[in-house]
Protein chains: 2
Amino acid sequence: MTKDTTRVFQHGTLATLVPGLLDGTIRLDELAKHGDAGIGTATGLDGEMIMLDGVAYLVRSTGEVKVLGPDTLIPFATVHFDDQNVEDGFEVHDLDMKQLSKHILANYPYHNIFFAVKIVGNFKYMQTRAVKGQKKPYPTLAEVASEQAIFYEEDSKGTVIGYFSPELFQGMAAAGYHLHYLDEAKTMGGHILSFGITDAKVFLQPFATIEQHLPLDNADFMHHKLDMDGLSEEIKKAEE
Amino acid sequence: MTKDTTRVFQHGTLATLVPGLLDGTIRLDELAKHGDAGIGTATGLDGEMIMLDGVAYLVRSTGEVKVLGPDTLIPFATVHFDDQNVEDGFEVHDLDMKQLSKHILANYPYHNIFFAVKIVGNFKYMQTRAVKGQKKPYPTLAEVASEQAIFYEEDSKGTVIGYFSPELFQGMAAAGYHLHYLDEAKTMGGHILSFGITDAKVFLQPFATIEQHLPLDNADFMHHKLDMDGLSEEIKKAEE
Ligand SMILES: [Zn+2]
Ligand SMILES: [Zn+2]
């Protein structure tokens, strides 16, 4: 398999998590054929996944950070092959998440496309969350989101990775930024709620191809009647 | 390139046609690397494209049917490699378009996924349309759709090809069926409005992977600010 860095691969869709289809449907080693960096979740939404340099970490709601094994089943993940052109990055200083996202969309014509965001450096503060793992029968995403743990750390050194999805593909993914964090010591991370950058380098990787993979062998997915009315609203609520 | 029959490839999106981004952005020979069957349009929406056995035909609003050359530029197309398992098809008799689509979704658990539909046989009647080619500055899709030619033929023999898109991916493609037709004599076809089947064989091809390709090298696409409000409504109107 060639490492095509202009392509992003997504397994599952956010829309199927909303009604509670939380079983893992792809093995991590299969997912890793499509990327060495990215984000995702685990069966039962048991934490926030972050993949860096081909290693997948799970940040659980207990605060525990663990490395996931190759046979771990994943219900929803987005991965890509990180394009390691360090010279393409740009330096930023004293900037919060909102200021950075404005800066990006003001300086790059990327509002209609998918792109990856990687931020490596020092954070004045980092606020993340990790949802609590659920057992069957699974609740809806909105119910799970209300049971999340919040983590906050000052002066954290680490890596942010995630994606910008254009509004065009709402449903497939939540429109806007979806970023995860892992600190350098691998002791703190999760789904990012907010951050402030002290100094860091930002890397953007635009994608010409979006590869959306669906679990056709999963009977729950195939037979579930998705209620699309108000789905965008529920996604927005759960992602806040 | 391997011919993966579990994958559908789309270049461009319906959503970018709506505001009038009608320039071709992929060469036909490049598109043909991703499929030998499918549907699409031409620069300026100058007709309805149908690809069968690797040959792309364009049905223009004048009624002319022509074979497209390899260097033709296409703004929007969906293609796949036709899975020639004749034994997988099912026979139908005396059925209209609505009855067939009901039959499919009642008998196959395919409402959440993309699948191709191919219908080969005899049609009691076939009603199609072809939009009229536009010159720059391009009008919007709704304006173009009001300038379409309607074709109607009784006792037509030919092939229907197209796709079902789940509601989940509205924006990327219009939810529901999008079918094109070409008769056996290659003299009549277009974007299907309605049909009645006398007797035909129906082939369904479900896809595990949807590959969405975007024209990152097209400045109009990159710089256009899509107005997503009411986009679904406009797509529905134009597709009617
Ligand atoms: Zn997340
Ligand atoms: Zn059409």
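These figures come from a predicted structure and were not determined experimentally.
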Original post:
Could you go step by step and tell me if A:Ile104 and A:Phe164 meet the side chain to side chain contact (heavy atoms under 4.5 Å, CB included) rule?
Top reply: CA-CA 10 Å; A:Ile104 291 173; A:Phe164 174 82; over 6 Å; no
**OP:** Could you tell me which non-hydrogen atom of A:Phe81 sits nearest to which non-hydrogen atom of A:Lys33, and how far apart they are?
**Re:** CZ-O, 3.4 Å
Original post:
Between A:Tyr177 and A:Leu105, is any pair of side-chain heavy atoms under 4.5 Å apart?
Top reply: yes
Original post:
Between B:Leu17 and B:Pro75, what is the shortest heavy-atom contact and its length?
Top reply: CD2-CB, 4.4 Å
**OP:** Can you check whether anything in residues 24-32 of chain A gets within less than 4.5 Å of chain B, heavy-atom wise, and list it by number?
**Re:** none
**OP:** For A:Leu204 and A:Phe90, run side chain to side chain contact (heavy atoms under 4.5 Å, CB included): C-alpha distance rounded to whole Å, both residues' side-chain angles, the deciding distance at 0.1 Å, then the answer.
**Re:** CA-CA 9 Å; A:Leu204 305 180; A:Phe90 57 90; 4.0 Å; yes
Original post:
Taking all atoms of both residues into account, what is the closest heavy-atom pair of B:Gly40 and B:His180, and its distance?
Top reply: O-CE1, 3.5 Å
**OP:** Could you please spell out the steps behind the side chain to side chain contact (heavy atoms under 4.5 Å, CB included) verdict for A:Asp23 and A:Leu73?
**Re:** CA-CA 8 Å; A:Asp23 275 338; A:Leu73 289 172; over 6 Å; no
Subject >> ring-ring contact (aromatic ring centres under 6.0 Å, His included) partners for B:Tyr57, two or more places apart >> reply: none
Subject >> Identified ring pair (Phe, Tyr, Trp, His ring centres under 6.0 Å) partner of A:His80 from the options A:Phe203, A:Phe9, A:Tyr163 >> reply: A:Tyr163
Subject >> Closest non-hydrogen atom pair between B:Phe221 and B:Asn218, with its separation >> reply: N-OD1, 2.8 Å
**OP:** Flag the pair A:Ser165 / A:His178 as yes when at least one side-chain heavy-atom distance between them is below 4.5 Å, and no otherwise.
**Re:** no
Original post:
Going by residue number, which parts of residues 106-119 of chain B are within reach of chain A, meaning a heavy-atom gap below 4.5 Å?
Top reply: B:Pro109, B:Tyr110, B:His111, B:Asn112, B:Ile113
**OP:** Give the C-alpha distance, both sets of side-chain angles, the deciding distance and a yes or no for side chain to side chain contact (heavy atoms under 4.5 Å, CB included) between A:Val131 and A:Glu147.
**Re:** CA-CA 6 Å; A:Val131 293; A:Glu147 278 196 81; over 6 Å; no
Original post:
Taking non-hydrogen atoms and a cut-off under 4.5 angstrom, which of residues 44-54 of chain B neighbour chain A?
Top reply: none
Original post:
Given side chains that start at C-beta, do those of A:Pro70 and A:Thr72 come closer than 4.5 Å, heavy atoms only?
Top reply: no
